[in-house]
Amino acid sequence: MSKYHTAAPVITIVGPSGSGKGTLSQLLAQNLNYHLLDSGALYRLVALSVSGKGIDPRAQDKVAAVAATLDVQFDASGDATCVRLEGQDVTTAIRSEEISRMASVVAAHPLVREALLQRQRDFRRAPGLVADGRDMGTVVFPDAQVKIFLTASAEARAQRRYKQLEQRGERVDMAQLVADIQARDQRDRERAVSPLKPAEDAIILDSTEMSIGQVLAAMLSHVTGSERDSAATNRSK
Ligand code: C5P
């Protein structure tokens with residue numbers, strides 16, 4: 001047994017932007033009473049901080065230095081999580097289209113990923129963790145108990161994103177949104193470090209034709225199944 005298995009259980013949720021993984025990770029964590037790691041928010045925070053400091057997001061060393069000393073706080077209260085950067089509430093600011101684009105640029109730097117690795121692992125605490133983000137099951141928590149790869153068609157994801165932005169009063173062109181999502185997918189899939197791909201032992205869920213409730217039910221049944229399996233394994237030892 002690896003040393004990790006004595007640690008709190010982890011469920012990783014991986015998938016492209018707009019697959020619903022953010023909402024579903026939050027719902028799953030609430031249902032199980034687990035902690036939540038929104039790793040994308042960390043890359044978004046690096047992007048926001050770099051942008052505020054006037055640093056070129058392509059300058060790996062400088063961006064990694066920002067990532068290593070990032071002063072962030074996640075305050076979970078009720079259904080929402082308030083994200084603070086240097087004490088300031090940036091919950092909405094990190095979700096803009098500009099920061100989304102920049103986050104995927106800073107996330108491609110190996111030194112930035114390295115700088116954030118331990119910070120992400122520190123989220124693993126009892127009774128358990130739901131970890132949301134593309135390299136959660138492959139790099140950050142390779143020993144996670146349940147790994148889920150959540151996907152949906154680019155059009156379905158663009159539509160969901162459009163609604164989200166509309167609710168926030170941001171107007172965007174639908175065709176541009178589909179093109180942006182496809183470009184970001186390609187950048188994330190083809191990059192050398194931590195590309196977006198399902199872990200070998202991941203369960204793949206396609207949510208294109210599923211409601212949030214249906215996806216949540218499917219996830220919970222995988223978690224319950226895995227708990228049953230591990231209890232059976234322990235009994236037979
Ligand atoms: O998941 P979210 O859209 O908030 O992530 C923002 C960006 O951060 C992604 O486009 C991706 O490039 C990057 N990211 C990453 N690894 C993670 C989480 C996010 O590279 N674990």
Side-chain angles (χ1 to χ4, degrees), residues 10-26 28-29 36-51 57-58 60 63-64 66-67 70 72 74 80-81 83 85 90-124 129-142 144 147-152 154 157-158 160-162 164-165 168 170 172 177 179-199 202 207:
V10 179
I11 300 161
T12 59
I13 316 276
V14 173
S17 296
S19 58
K21 72 187 161 57
T23 306
L24 279 149
S25 299
Q26 205 157 11
L28 189 62
L36 176 67
L37 164 61
D38 173 3
S39 61
L42 286 174
Y43 290 98
R44 288 169 181 274
L45 283 157
V46 173
L48 186 68
S49 181
V50 158
S51 144
R58 292 164 303 178
Q60 170 161 215
V63 180
V66 169
L70 207 61
V72 298
F74 292 89
T81 301
V83 185
L85 177 64
V90 294
T91 317
T92 310
I94 57 165
R95 303 284 159 200
S96 75
E97 276 304 286
E98 191 203 340
I99 294 301
S100 301
R101 266 193 295 274
M102 236 171 122
S104 98
V105 176
V106 301
H109 299 312
L111 292 178
V112 173
R113 307 198 72 83
E114 209 179 293
L116 294 179
L117 190 58
Q118 192 53 46
R119 197 187 277 262
Q120 297 175 89
R121 289 189 173 149
D122 289 342
F123 276 78
R124 184 177 206 165
L129 176 70
V130 174
D132 161 1
R134 41 215 72 200
D135 59 342
M136 295 296 106
T138 47
V139 177
V140 183
F141 302 109
K147 300 181 185 180
I148 295 168
F149 190 85
L150 185 61
T151 187
R157 290 186 285 131
R160 290 172 191 169
R161 184 82 184 127
Y162 185 86
Q164 259 178 9
L165 292 171
R168 289 211 305 263
E170 276 188 62
V172 283
L177 208 52
D180 273 358
I181 284 187
Q182 283 169 336
R184 202 181 314 156
D185 280 359
Q186 192 175 3
R187 205 162 47 229
D188 287 346
R189 230 179 254 136
E190 291 176 359
R191 72 186 187 200
V193 215
S194 291
L196 171 64
K197 61 164 191 219
S207 73

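For ligands, and for the atoms within them, numbers begin at 1 and follow the listed sequence. Only heavy atoms go into these numbers, but all of them, side chains included; no hydrogens, no water, no symmetry mates. For reference, positions follow the sequence shown, starting with 1. Worth saying up front: this structure is predicted, and the values here are computed from it rather than measured.
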Looking at residues at least two apart in the chain, or sitting in another chain, which of them share a salt bridge (Lys or Arg N to Asp or Glu O under 4.0 Å) with R134?
D188
Scanning both residues in full, the closest heavy-atom pair of Q120 with V140 reads CB-CG1, 3.9 Å
Mind checking what makes side-chain contact (heavy atoms from CB on, under 4.5 Å) contact with V139, not counting sequence neighbours?
L117, D135, S194
Pair R101 + D180, salt bridge at N-O below 4.0 Å:
yes
Looking at K147 and P142, would you say the former's side chain and the latter's main chain have a donor-acceptor pair under 3.5 Å?
yes
List for me each residue that meets ring-ring contact (aromatic ring centres under 6.0 Å, His included) alongside Y162, sequence neighbours excluded, and say none if there are none.
none
Under a 4.0 Å heavy-atom cut-off, what residues line ligand 1?
S17, K21, S39, G40, Y43, R44, R95, A103, S104, A107, R113, G133, R134, D135, M136, R184, D188, R191
